[in-house]
Amino acid sequence: MATRRQFIRISAMGAGAVMAGAAGFRLLGSEFTDGQKATAAVLATRTPTYCEVCFWKCAGWVWKDDEGNIKKITGNKEDQHSNGRFCPRGTGGPGMYYDEDRLKVPLIRVEERGKQVFREASWEEALDHIAGKMKEIIEKNGPESLALLNHGSGGKYFTDLMKSLGSENYAQPSFAQCRGPRDVGFSATFGENPGSPENTDIRDTRCLVLIGSHIGENMHNGQVQEMSDAIDKGATIITVDPRFSTAAGKSKYWLPIKPATDIALLLAWIHEIIYNDYYDKKYVEKYCYGFDELKEHVRNFTPEWAYGITTINPVVIRETAREMADASPAVIVHPGRHVTWYGDDTQRTRAVAILNALLGSWGRRGGFYRQEGKTVPSYPHPEYPKPQKSWREWYPGKYNLADLGVANVIIDASIPAPEKDAMIKGWLVSGTNLPLTVPNTAHTIEAMQNLDLLVVVDTMPMEITGWADVVLPECTYLERYDSLRDSPHRKPALALRVPAVEPKYDSKPAYWIARELAQRLGKGEYFHFEKPEELLDWQLKQMGSSLDEMQKAGVKTWDREVDDLYFGEGEDIAFWTNTGKIELYSTALENEGFSPLPVYTPHPEPPEGFYRLIYGRAPMHTFSRTSNNPNLFDLMDENTLWVNPRVAREWGLTAGQYIHLKNQDGIETDFPIKVRITERIRWDSVYMVHGFGHADKKLTRTYGRGANDTKLITSVMMDPVMGGTGMRGNFVTFITDLERKEVTS
Ligand SMILES: Nc1nc2c(c(=O)[nH]1)N[C@H]1C(S)=C(S)[C@@H](COP(=O)(O)OP(=O)(O)OC[C@H]3O[C@@H](n4cnc5c(=O)[nH]c(N)nc54)[C@H](O)[C@@H]3O)O[C@H]1N2
Ligand SMILES: Nc1nc2c(c(=O)[nH]1)N[C@H]1C(S)=C(S)[C@@H](COP(=O)(O)OP(=O)(O)OC[C@H]3O[C@@H](n4cnc5c(=O)[nH]c(N)nc54)[C@H](O)[C@@H]3O)O[C@H]1N2
Ligand code: SF4
Ligand SMILES: [Mo]
């Protein structure tokens, strides 16, 4: 059995390699480690922050030397997201500040869009220019023709700007390209979603089922740590993945499922659990709605039926169902996070939710705990104007269950349709690299070409900035205040980010940018405070703390109002669903005309000579945002293509050979990718880490390194329930003759 130490070896190695000079720096232990003590002795000051290298937002300390240079960043031991330990990416965060390729001054485009010819401008000129264009658009088409696409902390201020103007067209790709189907599937079942960080009680679980959740490569810090603790305590891990992931390596059972067939496996597990009376009868009787319909629905979905679809041996399906039942209710069938795979993703995550309900794990120790958070007050401001229309009207009656903006619908609504003009005319984009994030890049480019205004706020010259009319350089998270981190957890807590250093170059924080624009657009009253620290102090004082206190502590944790982390014995609970019960049978889906119970539908298979393209994470990078980070680039400078030996033999591929890929629509990679031959991937699929293959030469380190998976994702499997973009229905073949392929970018 793997030990916790082995499991997090990656993080320890990563941190050591990133922090040259901090030899022996350990990630374990809640008190100051020897390394941290040594750091404290040598370094002069520390300021609190929370990490922006990914969206787990671990709270930590930024350490500076006597000259005020950022030396390192470590976890805050009071923080429930990190328990005082950062992952390799977070540890490498200062590389974002030091990256000499950063955006330095505002830029205004001088040639046609996409040609990437810009001139430098002052903030005054750039902001006046943007405000002038926005006014024109508002006068001509109304404020609802402006949209915001964003990800990350600064997005909050731009969302406030949109609201103040009277537009509700804002969306984050972290919904419809990521966790949206899961949130909708869980809400339809339990009346609430797992949140971020998820309410998974991994540290106390006895059985953790991971369905394509590659924890360990997906480095969501708290989950990785809790999973190693659970392994140490003897929990059973069951991993369902066509690839032998890091998590699979720590598992008692690895189910190398045929991709795109997970719903069949889930239905067979539900069948086993119901027909063997493994389910939690008291819990189901008290809390659940629609058990009889579900029982009837899964009657014929036997392990033998699923075997023909998934290629998973029926004996294994039975054994793993038994393992879950034995651990119940301390069992977690993980909800996943990036779940936009095959277009039936809401139905798949519903099946996951149903399985958890049958096992009685929602609201139970070792299953899913109840989160509690602090509500940060808003400073009083006039009411926001009511928008006259929204992105929802682009496809009338569709995606009603989407409870957040759908980025791809905003993109669609920016392109004129045969019978109607485009609804959206101007985008503000902040912290999202759309060409590498939303599938079908050509479509995104078409939308951008139709806009009257495209403003991009970013820290780096990414693909998205190349398409902008105006580029605004934001300073990094190490150089600014941001809103309080208020994500709920086992205990309510707040975390503060303050600037460790002054903004480099001529970069500015999002708060300042949003406020300057608001003032130019006559909406200054919505941004009362000149400085974000004044707003933070006001908010903290409303909650019984202060900026001063938080500056010293970084994190403040409160006790729960009542001791209700788990459901009490026989406790009456009203769930926020239509029936007030956990809906095994979903009335919400039924009301929208969708199947109230999950159904398996077959998906297209790879054509002859093609392989399914699947993708995921590497522990040392976050999407496309870190590939140029000098610290993290040193740890991993390109992605590789995982190919099964049988396929390699057939094609005569050798390990380390560079090849190009072509997808089912004839789209080819811009840059070659290195072949990695491994039994760890099924023969019908190939795998690569997302976020490489950058085509912007201004990214001097990462330009041209590896392949861009998004470019090959031209076929999108839409989720009819909430508009998510299923991205794993694409197939690639190999181009081995590199001469034949000219680099196109
Ligand atoms: N093909 C493919 N597509 C995917 C995925 C995949 O695995 N494969 N994953 C999906 C998932 S799960 C998600 S959540 C989305 C994420 O997709 P995005 O939200 O687009 O994330 P990133 O690719 O990290 O892009 C972040 C952008 O923010 C910029 N940035 C970094 N820090 C700051 C900052 O402090 N301020 C500002 N203004 N900008 C900053 C970076 O330079 C970069 O341009 O992508 C989805 N799309
Ligand atoms: N290091 C690092 N960690 C991250 C991120 C990062 O960029 N870097 N991003 C964060 C974000 S925003 C998100 S959303 C999460 C995403 O993390 P997850 O939710 O864990 O990610 P996915 O990309 O859906 O999962 C990828 C896994 O699914 C497997 N897979 C592919 N097809 C199938 C299939 O048909 N069935 C099954 N069962 N498995 C399949 C792949 O082989 C791979 O192991 O990661 C987070 N953590
Ligand atoms: S998991 Fe890593 S990258 Fe993400 S916030 Fe935490 S330390 Fe930063
Ligand atoms: Mo995500």
Side-chain angles (χ1 to χ4, degrees), residues 50-60 73 75 81-82 85-93 96 103 149-155 172-175 177-179 182 196 210-215 217-222 224 239-243 245-248 255 257-262 265 334 336-342 429-434 436-439 456-465 472-477 480 482 510 612 614-626 628 642 681 685 687 689-691 708-713 725 727-728:
Y50 57 87
C51 181
E52 186 85 8
V53 185
C54 89
F55 307 98
W56 202 252
K57 298 186 183 150
C58 299
I73 183 164
H81 295 218
S82 68
R85 313 197 284 259
F86 266 28
C87 86
R89 298 167 299 151
T91 312
M96 285 173 80
L103 294 169
L149 295 154
N150 74 280
H151 201 186
S153 309
Q172 309 185 356
S174 51
F175 183 73
Q177 281 66 51
C178 177
R179 63 190 154 77
R182 169 198 92 175
S196 174
L210 299 172
I211 301 173
S213 287
H214 55 331
I215 298 181
E217 285 150 300
N218 149 9
M219 282 303 280
H220 275 160
N221 197 345
V224 182
T239 296
V240 183
D241 198 311
R243 186 179 63 96
S245 59
T246 300
L255 280 58
I257 195 163
K258 177 170 167 185
T261 66
D262 295 79
L265 173 67
H334 198 285
R337 185 150 171 136
H338 172 60
V339 291
T340 46
W341 300 354
Y342 301 108
V429 177
S430 171
T432 173
N433 191 15
L434 298 173
L436 259 68
T437 295
V438 179
V456 177
V457 185
D458 208 299
T459 53
M460 295 293 297
M462 290 283 185
E463 284 71 8
I464 184 69
T465 55
L472 301 178
E474 192 180 9
C475 51
T476 68
Y477 70 107
R480 65 184 197 230
D482 260 305
R612 187 181 297 273
I614 58 179
Y615 53 78
R617 321 274 165 237
M620 51 297 265
H621 281 289
T622 303
F623 310 121
S624 64
R625 66 167 50 210
T626 56
N628 203 66
W642 295 35
I681 179 92
S685 308
Y687 174 83
V689 166
H690 166 63
N708 166 4
D709 57 334
T710 314
K711 191 170 184 223
L712 301 167
I713 304 179
T725 51
M727 308 202 249
R728 292 198 180 137

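First listed ligand is number 1; within each ligand, the first listed atom is number 1. The figures here come from the full heavy-atom set of this structure, side chains too, leaving out hydrogens, waters and symmetry mates.
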Exercise. Are Asp458 and ligand 1 in contact, using a heavy-atom cut-off of under 4.0 Å?
Worked result: yes

Exercise. Ligand 2: which residues have a non-hydrogen atom closer than 4.0 Å?
Worked result: Arg89, Cys178, Ile211, Gly212, Ser213, His214, Glu217, Asn218, Met219, His220, Val240, Asp241, Pro242, Arg243, Ile257, Pro259, Ala260, Asp262, Arg337, His338, Trp341, Tyr342, Ile614, Tyr615, Arg617, Ala618, Pro619, His621, Thr622, Phe623, Arg728

Problem set entry | Residue Met462 vicinity, atoms of ligand 1 by number, heavy atom under 4.0 Å | 42 (O), 43 (C), 44 (O)

Seminar exercise, completed: Across all chains, not counting sequence neighbours, the side-chain contact (heavy atoms from CB on, under 4.5 Å) partners of Ser430 are Asn150, Phe158, Val457

Exercise. How about Ser153 and Glu52: does a side-chain donor come under 3.5 Å of a side-chain acceptor?
Worked result: yes

Exercise. If you measure from each heavy atom of Gly154 to ligand 1, is any distance below 4.0 Å?
Worked result: no

Problem set entry | Part of Ile713 within contact of ligand 1 (heavy atoms, under 4.0 Å) | side chain

Exercise. For Thr437, is at least one N or O under 3.5 Å away from an N or O on ligand 1?
Worked result: yes

Problem set entry | Listed protein N/O/S atoms, distance to atom 8 (Fe) of ligand 3 under 2.8 Å | Cys51 SG

For this session: State yes or no: are the ring centers of Tyr50 and His81 separated by less than 6.0 Å?
Result: no

Problem set entry | Sequence-distant partners of Phe175, ring pair (Phe, Tyr, Trp, His ring centres under 6.0 Å), two or more places apart | none

For this session: Would you please classify the geometry between the His151 ring and the Phe55 ring as parallel, tilted or perpendicular, with 30° and 60° separating the classes?
Result: parallel

Exercise. What atoms of ligand 1 come closer than 4.0 angstrom to any heavy atom of Thr459?
Worked result: 30 (N), 31 (C), 32 (N), 33 (C), 34 (C), 35 (O), 36 (N), 39 (N), 40 (C), 42 (O)

Seminar exercise, completed: dist Leu436:CG -> Asp709:CG (nearest 0.5 Å) comes out at 7.5 Å

Exercise. Looking only at heavy atoms, is any part of Arg480 under 4.0 Å from ligand 1, and if so is it the side chain, the backbone, or both, or is it neither?
Worked result: side chain

For this session: Pick out which of Thr437, Asn433, Asn708 makes a side chain to side chain donor-acceptor pair (under 3.5 Å) with Ser624.
Result: Asn433

Exercise. How far apart are the closest heavy atoms of Thr340 and Tyr615, and which atoms are they?
Worked result: O-OH, 4.0 Å

Seminar exercise, completed: Note: ligand 1 atoms sitting under 4.0 Å from heavy atoms of Thr710 are 1 (N), 2 (C), 3 (N)

For this session: For Ser430, counting its heavy atoms only, list the atoms of ligand 1 lying under 4.0 Å from any of them.
Result: 38 (N)

Exercise. Between Arg480 and Glu474, does at least one N-O distance fall below 4.0 Å, as a salt bridge requires?
Worked result: yes

For this session: Please say whether Val457 places an N or O atom under 3.5 Å from an N or O atom belonging to ligand 1.
Result: yes

Exercise. Considering distance alone, does some N or O of Gly431 sit under 3.5 Å from an N or O of ligand 1?
Worked result: yes

Exercise. Taking N or O atoms only and a 3.5 Å limit, does Glu52 qualify as a polar contact for ligand 1?
Worked result: no

